[in-house]
Each structure stands twice: as C-alpha cells, then as structure tokens.
Amino acid sequence: MKKSWALPAAALGAIAAHDLVQRRHAILRNFPVIGHVRFWLEALGPELRQYIVAGNDEERPFSRDQRRWVYASAKLQNNYFGFGTDNDLEHSDGNVIVHHRTFGRTYPTHGAVGQEARLPAAKILGGPRGRRHAFRPQSVVNVSGMSFGSLSGNAIEAINRGAAEAGCLHNTGEGAVSPYHRMGADLVFQIGTAYFGCRDDDGRFSLSTLKELVDSAPVKALEIKLSQGAKPGLGGVLPGPKVSREIAETRGVTAGVDCLSPSRHAAFDDVDSMLDFVELLATETGLPVGIKSAVGDMTFWEDLADAMESGERGVDFVTIDGGEGGTGASPLTFTDAVSLPFRLGFARVYGTFARRGLHESVTFIGSGKLGLPDNAVVAFALGADLINVAREAMLAVGCIQAQKCHTGECPTGVATQNPWLAHGLDPAGKAERVTNYVKTLRRDLLKVSETCGVEHPALIGPRSVEIIDTLSRGQLLDAVYGYEPGWGFPSARDRDDIVAIMTATDEEEAATVGPPETAEDGVQEAEIAGEGAVD
C-alpha cells in the first residue's frame, strides 16, 4: 500500500517544488499544486458554462437553444421546442415578432421533417448587367466563405459534399480552391487581398491565373472581399507551422512560412478603380462579380452608389457581413466593437442603393449569424435576396462551440490543421448533416413565408416583421430602419417570376387529416392581390 502511494506523492512533491520556485504565476507560488485548479477551471470555463451553468438562451455566440436547433436539424431529429418560449418577452428588448396573416394567397405545400424545400433566388445573379454566365441561384441559403487553412480539409470536404447535395453555393473563402472544394458543389470564388489562387510569383493579382482557375473549377461567381465582420480592416495571418505543403500549393505560397494577407487590396485603391477591376473580371470571365464587406463609415457606400447610378459600371451583388460574424479570429476590440451589426449595417447600405433606384438591379446577400430561421426572416424582410451561413455549417459538421478556433486545437477536427484532430471528422457522414441542415432551414423559411401569406421569403417585406421592446412598445422594420414604401422587395417582374416558379412546384403536399386548403381554387387571390407582394 505504501508503494502504491509513493509515485503519486513524488509527482505532487515535484509539482509543488516547481510551483514554489517559479516566478511567472503568483497564485502557484502562494498556493502550490492547488493553484492549478484555478487554471484548469479557467480552461474549461466555456464548456462548463454552456453545458452546465448557462440557461438555454444565455450562452453566446450561439445559445444552447440555437445549437440544439442546428444539431437536431442536421440529424433530422425533432427540432421543435415544448412548453412555450423561454425568451424573456416581458423584460427584454429587441424581440422579433413575425406577423402571420389569417388569410393568404398561398397554402402550405412543405411540412414533413426532411421534406425538400425548393427555394431558388428571386433575382438572377448578374442578369441586370447582362453577364454572359448570369444565373438564378437554386438555393437562397448558401455557405459563406471559410478557407481551407482556417478549416480542416475534412471539414471543407464535408461542407462541399453537403452543399452539392443540397444544391447550394459554396464560397471558397480567401484561401483559394483546394482539392476539398472540388467535391461537387458550385463555387463562389473569393478574391482576397493576398490573391491566393490568382496571384503571380510576386503576390500580385494575375488575371491569367484567375482565368485558368475558373476554367478548371465549377466557379459560378467571383466575390471581391474588402472586409469581414469578424475583423474589418485587418489582414490575416496563417502561422508558418500551419502552412502545410498542401495549403502552400493551394494558395501559391511557401510551406512553413507565415502566410500574410494585407489589410487592403493592391489591384485598386478607390471606388473608381475598384469598378474598373470589377468590369475587367466580368468581361474576361463572363461571371457575375460582387463585393463582400462589413459596414462602418458610409462614405464608401455613398461613393459606390453614386458611381453606379449611371449604369455604365457596377457590381452584380453585395454581400454585407455583420459584426456578429465569427469565423475569423481577431483582437477582442475588433470582435466586439468594430463594424456594425448585420441589421443596422445592411439597412444603411440597402437604403443607400434604394434612394438611387439601384436596389432592384443588385443582388443583396446577408451574412452574420443568419443561419437561424428568425434572423434569416428579418434579413429577407430587410431586402436580402440570399443568405450565407458559416458557423451554423460548422455546427452541422460537428463544432461544439469550444471557441478554440484560433488555437488550432479544435477538439472536433473542424477548425484545425492537426491531422490527429481532423481525422475524427468523417466527411461523408458529416456531409449528410450539412445537407439536412440546409434543407431544414429552407423548409422553415418556406413555412414562415406561407404563414405570412406569400410564396417566398423574399416577398415577406419590412411591414411583416416587428421589433418589440418588452410589452409596451413595438415598431415595424420599416419604421425602425427608415425604409420607404416599396423597399425590401425584388422588382415587380422578379416577384412575378418567383411566384410562377414557386407555384409550379410538383412536390407532393404533406399529408394532413383535414380537407384540402380552400385557397387552392384561387378564390382569395383577388382579395389580397398585392398585399403580400408589397406591404
């Protein structure tokens, strides 16, 4: 018995001796051995709070309820919630209330768990500017930019396979097109400030390299990244130890050397030269070209809208990233206090274009925690045509919100380049979960649209959503964000086209025990004509 205690006692004695002589941590010098408990609890703090301490709607950035909804949706499990809302409607501000309609011009067609929800975009991407390869995105829910390097190859492969099966677009992020991006999904190629995947030997933008890439990969659109919500105005750093040979070959850089992204582009330096760059890319590739940016100072957006007003040059789409975005590690100040939250930033940019009559000819894409149905509905009501999901896709492939993305020690193999950690993520199995999640989100968006009496979430409108402050005051979105009548919708022609597409579905209606819907015969069409289309 004495021998069995000898080794542990010796180990504790060694730890105590080390703690007493070290000078780095006062706690350990004053409380040898026992002081380590404090550091252990600190390390496990996020896990302890989100699984044991925090309430269902308290943990951030994603609450337990939100994560549960994503997980259940990805696994095709029951994602309903019982016994009423646990949101504090009596005492909290900013609660979203969607206005349902007693009578609507559309009737439910999608309802069963896992049932396909066909939700193409209401606008043709690149159509207004006559791009040669303009197209209608087949999904209003698409995957946002997350680079190979920030995510593991297995995670990228799972997301790409899942996106392909769900029929949605997969944004490459600024880390170029890796082998893991070539598993079937159509791509949006993101052009970052370091021009990975389209650079010459000196790191400058190379049009010929870009054209070779476009010819070799299923690239459907080009997105020029100006900034992102998680770290606007900052460049990026992938430390040398993480720059494997595979990442180096994908990005066109040197293995084992710090991979740096500048804070700004070198190919252009103002709105005028940026639009020249946009038109060059569109002319040479035939693809729709857009920009992605967080929102801060509005001078850029005013200048851009002014320059586009003549119609001679312009971007085909604008991706607005909210300050809620979190797939890029950054200093705390940037995470918490630089760039506007999505709703405020999007509304300001949309209004800038709308006041010049440009809102119907530009496709607006929203990102920043929009992969949850209530947030997505608000985005569509404000005028978004598409939404991009990032962290929600990470949750679908197994992320547990350990918040270790910046350390390379992601325990589920999602945000890491550690081969041992990444090998635990099975791309085939997790791809199915991405597909399930995207389809379920689309189905829920369609159900909310039908509740509002319209055929598509792009037709919901800002007067169908209210923001309430406790139980005493509420304002519709148009009043909150200063929208004018008619804002927040596609053009009349686009509305007609998407209604025709949605009503032509041959998908079988979910079985019910009641009689057929009375609206099927069109009796109520005349009574509410236009009510759901423009509030």
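Predicted model only: the values in this text are computed from it and were never measured.
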Search all heavy atoms of [X] against all heavy atoms of [Y] and return the closest pair with its distance.
X	Y	result
M298	V349	CE-N, 4.1 Å
I400	P411	CD1-CG, 4.0 Å
P288	A134	CG-CA, 4.3 Å
P490	A458	CD-O, 3.5 Å
I159	A393	CD1-CB, 4.5 Å
P373	D444	CG-OD2, 4.0 Å

Q.
Counting neighbours of CG on D215 that are heavy atoms of other residues, nucleotides or ligands and sit closer than 6.0 Å, is the number greater than 12?
A. yes
Do [X] and [Y] have side-chain N/O donor and acceptor atoms under 3.5 Å apart?
X	Y	answer
T416	N418	no
Q190	E223	yes
N171	S144	no
Q417	S244	no
S273	D270	yes

Quick one, [X] and [Y] - any side-chain contact, counting heavy atoms below 4.5 Å?
X	Y	result
L386	P137	yes
I156	H170	yes
V141	C168	no
V362	M308	yes
V318	W301	yes
M146	V143	yes
I387	V140	no
L477	V378	yes

Are the side chain of [X] and the backbone N or O of [Y] linked by a donor-acceptor pair below 3.5 Å?
X	Y	answer
E392	V389	no
N154	P427	no
R442	A166	yes
S147	G149	no
H18	I15	no
S73	Y437	no
T285	L281	yes
R136	I124	no
Y195	A267	yes
T435	G162	yes

Rounded at 0.5 Å granularity, tell me how far [atom1] in [X] sits from [atom2] in [Y].
X	Y	atom1	atom2	value
N160	R182	CG	CZ	10.5 Å
I320	K292	CD1	NZ	10.5 Å
T363	R129	OG1	CZ	12.0 Å
T319	F346	OG1	CZ	10.0 Å
T299	L304	OG1	CG	12.5 Å
R391	L372	CZ	CG	9.5 Å

**Q.** Validation row, ring centre F205 to ring centre H265 under 6.0 Å
**A.** no
Q) Is the distance between the ring centroids of F353 and F364 less than 6.0 Å? A) yes
**Q.** Aromatic plane relationship, H456 with F380 - under 30° parallel, 30 to 60° tilted, over 60° perpendicular
**A.**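 Answer is perpendicular, since the angle exceeds 60°.
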**Q.** Mutual orientation of the aromatic rings belonging to Y180 and F148 [parallel < 30°, tilted 30-60°, perpendicular > 60°]
**A.** tilted
Salt bridge flag under 4.0 Å for residues [X] and [Y]:
X	Y	result
R132	E284	no
D494	K123	no
E279	R313	no
E432	K75	no
R245	E249	no

Q | Check against salt bridge (Lys or Arg N to Asp or Glu O under 4.0 Å), E157 and R161 | A | CA-CA 6 Å; E157 179 178 344; R161 289 182 182 274; 2.8 Å; yes
Q.
The test is side chain to side chain contact (heavy atoms under 4.5 Å, CB included); show your working for C198 and I191 and say whether it passes.
A. CA-CA 8 Å; C198 57; I191 301 174; 4.2 Å; yes
**Q.** Lys NZ or Arg CZ of K369 over F342 ring: under 6.0 Å, within 45°
**A.**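 No.
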**Q.** Non-neighbouring partners of R68 that pass salt bridge (Lys or Arg N to Asp or Glu O under 4.0 Å), sequence neighbours left out
**A.**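 If we apply the salt bridge (Lys or Arg N to Asp or Glu O under 4.0 Å) test to R68, skipping adjacent residues, there are no hits.
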Q) Where do Y350 and Y481 land on the side chain to side chain contact (heavy atoms under 4.5 Å, CB included) test, with the steps shown first? A) CA-CA 10 Å; Y350 183 92; Y481 295 109; over 6 Å; no
(Q) Before you tell me yes or no, could you show the steps for V295 and S339 under side chain to side chain contact (heavy atoms under 4.5 Å, CB included), namely the whole-Å CA-CA distance, both residues' side-chain angles and the distance that decides it to 0.1 Å? (A) CA-CA 5 Å; V295 180; S339 107; over 6 Å; no
Q: Could you walk me through whether F317 and L222 pass side chain to side chain contact (heavy atoms under 4.5 Å, CB included), step by step?
A: CA-CA 10 Å; F317 63 94; L222 303 175; over 6 Å; no
Q) In a check of side chain to side chain contact (heavy atoms under 4.5 Å, CB included) between R199 and each of V253, T209, L210, which one passes? A)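 One option only clears the test, and that one is V253.
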